[in-house]
Peer 1: 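Sharing a structure with you now.
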Amino acid sequence: DTEVTQTPKHLVMGMTNKKSLKCEQHMGHRAMYWYKQKAKKPPELMFVYSYEKLSINESVPSRFSPECPNSSLLNLHLHALQPEDSALYLCASSLTNRGQETQYFGPGTRLLVL
Amino acid sequence: AQSVTQPDIHITVSEGASLELRCNYSYGATPYLFWYVQSPGQGLQLLLKYFSGDTLVQGIKGFEAEFKRSQSSFNLRKPSVHWSDAAEYFCAVGLNTNAGKSTFGDGTTLTVKP
């Protein structure tokens with residue numbers, strides 16, 4: 001298995017809803033990431049988990065709550081989002097080989113907040 | 001801090017023509033460099049990467065890139081473009097310890113004319 005999977009592919013939610021995005025990889029990668037990408041823009045790093053511990057939080061609002069239940073799974077819990085949070089949410093995992101790290105991205109979840 | 005510039009926002013080439021996408025970086029040490037491709041509504045796919053060694057790097061889908069330290073560049077090339085290459089292309093520079101802190105360029109949109 002050489003891919004990162006994300007569910008759902010699309011999500012529409014209201015500002016009062018609670019939803020979760022899921023990411024899974026079975027490549028044995030010990031670092032996993034959440035990115036947010038607006039249209040025609042590069043991905044923006046949100047969170048990094050290393051060995052199931054949160055290692056980087058790029059000052060993301062608390063309405064986004066990451067969770068790493070095990071080394072293969074990464075969730076992003078969403079609550080009370082704003083319309084400007086509508087974006088493509090990308091998950092990635094990375095492999096480190098002799099100090100050289102390569103990221104592999106999932107297909108993303110396209111989120112629309114109404 | 002590192003930075004990446006992709007000078008061309010949009011490039012149009014005819015199918016079968018050659019392609020070069022430019023990428024310039026700023027980084028105090030030897031950079032780790034990546035090129036990604038993103039088709040509409042999809043995640044990022046790694047085309048190729050440079051860590052060290054041979055400055056001409058071969059990637060997937062017939063792409064190659066050349067690292068030129070003197071010019072701080074890592075341009076992506078393809079000798080003959082196919083219609084399926086139409087996509088957004090991102091160059092990224094990574095720290096030597098954590099690809100999750102990669103800095104992405106703003107991207108170049110490639111349109112392929114029949």
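Below, read A as the first sequence line, B as the second, and so on, with proteins coming before strands; counting in each chain starts at 1.
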Peer 1: Under a single-linkage definition using a 4.5 Å side-chain heavy-atom cutoff for Ile, Leu, Val, Met, Phe, Trp and Tyr, are A:Phe64 and A:Leu112 assigned to the same hydrophobic cluster?
Peer 2: no
Peer 1: Using the rule that Ile, Leu, Val, Met, Phe, Trp and Tyr join whenever any side-chain heavy atoms are under 4.5 Å apart, tell me whether A:Tyr51 and A:Leu54 fall into a single cluster.
Peer 2: no
Peer 1: Can you measure from CD (B:Gln45) to CD (A:Glu3) and round to the nearest 0.5 angstrom?
Peer 2: 11.5 Å
Peer 1: Under 4.5 Å heavy-atom distance to chain B, tell me which part of A:Glu58 shows up: side chain, backbone, both or neither.
Peer 2: side chain
Peer 1: Check the surroundings of atom NE2 in A:His10: do more than 12 heavy atoms from other residues, nucleotides or ligands lie under 6.0 Å from it?
Peer 2: no
Peer 1: Kindly compute the distance separating CD (A:Gln37) from CG (B:Leu44), expressed to the nearest 0.5 Å.
Peer 2: 6.0 Å
Peer 1: What verdict does the side chain to side chain contact (heavy atoms under 4.5 Å, CB included) test give for A:Gln103 and B:Tyr36, after you've listed the backbone C-alpha separation in whole Å, the side-chain angles of each residue and the deciding distance to 0.1 Å?
Peer 2: CA-CA 10 Å; A:Gln103 283 187 304; B:Tyr36 295 90; 3.9 Å; yes
Peer 1: Roughly how far, to the nearest 0.5 Å, is the OG1 atom of A:Thr102 from the CZ atom of B:Phe34?
Peer 2: 5.5 Å
Peer 1: Treating Ile, Leu, Val, Met, Phe, Trp and Tyr as nodes and any side-chain heavy-atom pair under 4.5 angstrom as an edge, say whether B:Trp35 and B:Val112 lie in one connected cluster.
Peer 2: yes
Peer 1: Would you kindly confirm whether A:Leu11 and A:Met15 end up in one hydrophobic cluster when ILVMFWY residues are joined by side chain heavy atoms under 4.5 Å apart?
Peer 2: yes
Peer 1: Determine which pairs satisfy salt bridge (Lys or Arg N to Asp or Glu O under 4.0 Å) with at least one residue from residues 17-27 of chain A, sequence neighbours left out, and list them in order.
Peer 2: A:Lys22-A:Glu24
Peer 1: Closest approach of B:Thr109 and A:Lys40, non-hydrogen atoms and distance?
Peer 2: OG1-NZ, 4.1 Å
Peer 1: Ignoring hydrogens, what is the shortest heavy-atom contact between B:Phe90 and A:Pro42? Give both atom names and the distance.
Peer 2: CE2-CA, 3.5 Å
Peer 1: Who wins among B:Ile9, B:Leu46, B:Asp106 for the most heavy-atom pairs under 4.5 Å with chain A?
Peer 2: B:Asp106
